[in-house]
2 protein chains.
Amino acid sequence: MAYPRSPSSEPVKPQRMRGNRPAYTTETLLDVAVTVFTTRGYEGTSMEDLAAAAGLSKSSIYHHVQGKQQLLGLALDRALDGLFAVLTQPGATSGPAVDRLTHVIRGTVRVLLDELPYVTLLLRVRGNSPIELAALARRREFDQLVAHLVLRAQRDGEVDVGLDAAVATRLIFGMINSLTEWYRPGRADRLDLPETVVQLVLTGLAPRPGTG
Amino acid sequence: MAYPRSPSSEPVKPQRMRGNRPAYTTETLLDVAVTVFTTRGYEGTSMEDLAAAAGLSKSSIYHHVQGKQQLLGLALDRALDGLFAVLTQPGATSGPAVDRLTHVIRGTVRVLLDELPYVTLLLRVRGNSPIELAALARRREFDQLVAHLVLRAQRDGEVDVGLDAAVATRLIFGMINSLTEWYRPGRADRLDLPETVVQLVLTGLAPRPGTG
DNA sequence: GTCTATAAATTGATAGAC
DNA sequence: GTCTATCAATTTATAGAC
């Protein structure tokens, strides 16, 4: 490599634009967009809203991404990748079904909290475009894999047989997903939310003998 | 009242319009609108969409309501009225706190199922207009009254003291509200959903001795 | 009660200068 | 990488005929 190093091998040094702000990348712009999308809703957000939130003009946004839909697609993929990663972790693929289920519940809560705005956006998608429909299809796939795990745990006698497994799965993950409605980083961080959810799912509210 | 009866005292006889369809009232139009709103999202629904769904022209809709926002406001009020009614029923105002809580859980699930599209719409509101902000304020009031009930049950030793009451309340009602994401009338109607939810909340998934 | 026609504003997106 | 200027399409809403 005696030749001058090609520009692409240089370390990334962010250029400073007006106001001494680092120039946007697709990634940093996505961060801004997802925040606005989750605040005002995707359809309720105009490119003008995005531009104002980013401190850019509308046309500058089109330098980084093809359009509003692409921003949505990137955000939904990120959320889904995080969720599917939980299902391939060792704790989710071996051992008693109820332990795998517990692992998936904990992992799903963690991903939801770590990627809060992205998962929030995913959970609100209605299927109004091909991009949204594709995300809904991936999400259904995730749901089905989890439902299968609950069914296994039930057949193995590890969880209550009095409940319909499919309904219980939906209710449990509905509970988990509802975290996006109120959790904000910084608040209630002393609470171990993944553990709280696992406890509530496994034993419910009823006082257990010896703890009251 | 010897004078001819005024038109307003006549029994309501719906006029038949084109295609032998009864003329719309604000109420029947609201029904159509709420269905479209929950399918495509409120912001994702144009007056043109509503007109197409109703089989009317856009301008005819303005004969019945002032505009899109008013349709939203009427729908949100209906959902909130139903939820608040649960809190004033006898079972919710006397007796041990845990029984009152159980009553409210059952009642909330019932209202949610009975007024499904209206409550669904309420749960998706983001606060993008004064009408939405007012609905969110009423909803917060409902949530606080319920949270108070859980706290009472906890203090009375009727539910597990290992859980944060406020967090548990949010998770439980998050689970209930998640019914709007998948419940459709006709399907799973043999399942007693209010009871299933109460059981899951009180005892969780864990198999109880004697039932396995 | 419903229609056609149209106004006024906003929307997602592009062209081209710096 | 960002800007101003602009376009074509869509959106909410109104006017006025039947």
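Chain A is the first sequence line, chain B the second, and so forth, proteins listed ahead of strands; every chain is numbered from 1. Everything numeric in this text was worked out from a predicted model, so none of it was measured.
When only modelled atom types and interatomic distance are considered, D49(A) and S46(A) share a side-chain donor-acceptor pair under 3.5 Å.
Closest approach to the S46(A) side chain among dG12(C), dA13(D), dG1(C) is made by dG12(C) (side chain taken as heavy atoms from C-beta onward). The side chain of H63(A) lies closest to dT2(D), out of dT2(D), dG12(C), dT12(D). The side chain of S57(B) lies closest to dT4(C) when the candidates are dT4(C), dT2(D), dG1(C). Comparing dT14(D), dA13(C), dT2(C) against the side chain of Y62(A) picks out dA13(C) as the nearest. Nearest to the side-chain atoms of K58(B) among the listed nucleotides dT2(C), dA13(D), dG1(D) stands dA13(D). Distance from the side chain of S59(B) is smallest to dT14(D) among dA13(C), dT14(D), dT2(C).
Rounded to an integer number of Å, the gap from M47(B) CE to dT10(C) C1' is 16 Å. When the P atom of dG12(C) is taken as reference, atom CD of E43(B) falls 11 Å away, rounded to whole Å. Counting to the nearest Å, the P atom of dT14(D) and the CD atom of Q66(B) are 9 Å from each other. Taking atom CD of E48(B) as the reference point, atom C1' of dT6(C) lies 14 Å away to the nearest angstrom. Distance L71(B) CG to dA13(D) P: 10 Å, rounded to the nearest Å. N128(A) places its CG atom 17 Å from the P atom of dT11(C), with the value rounded to the nearest Å. Following rounding to the nearest Å, K68(B) (NZ) and dT10(C) (P) show an atom-to-atom distance of 15 Å. Per the geometry, CD belonging to Q70(A) stands 15 Å off P belonging to dG12(C), to the nearest Å.
At distances below 3.5 Å, at least one donor-acceptor pair connects side-chain atoms of T39(B) with backbone N or O atoms of T35(B). Looking only at distances, a side-chain donor or acceptor of D164(A) sits under 3.5 Å from a matching main-chain atom of V167(A). A donor-acceptor pair is defined here as one N or O able to donate and one able to accept, closer than 3.5 Å; such a pair exists between the side chain of Y24(A) and the backbone of A54(A).
A distance of 11.5 Å separates OG1 in T38(A) from CG in L123(A), rounded to the nearest 0.5 Å.
Counting any heavy atom pair closer than 4.0 Å across all strands shown, T45(B) reaches sugar-phosphate atoms only and no base atom.
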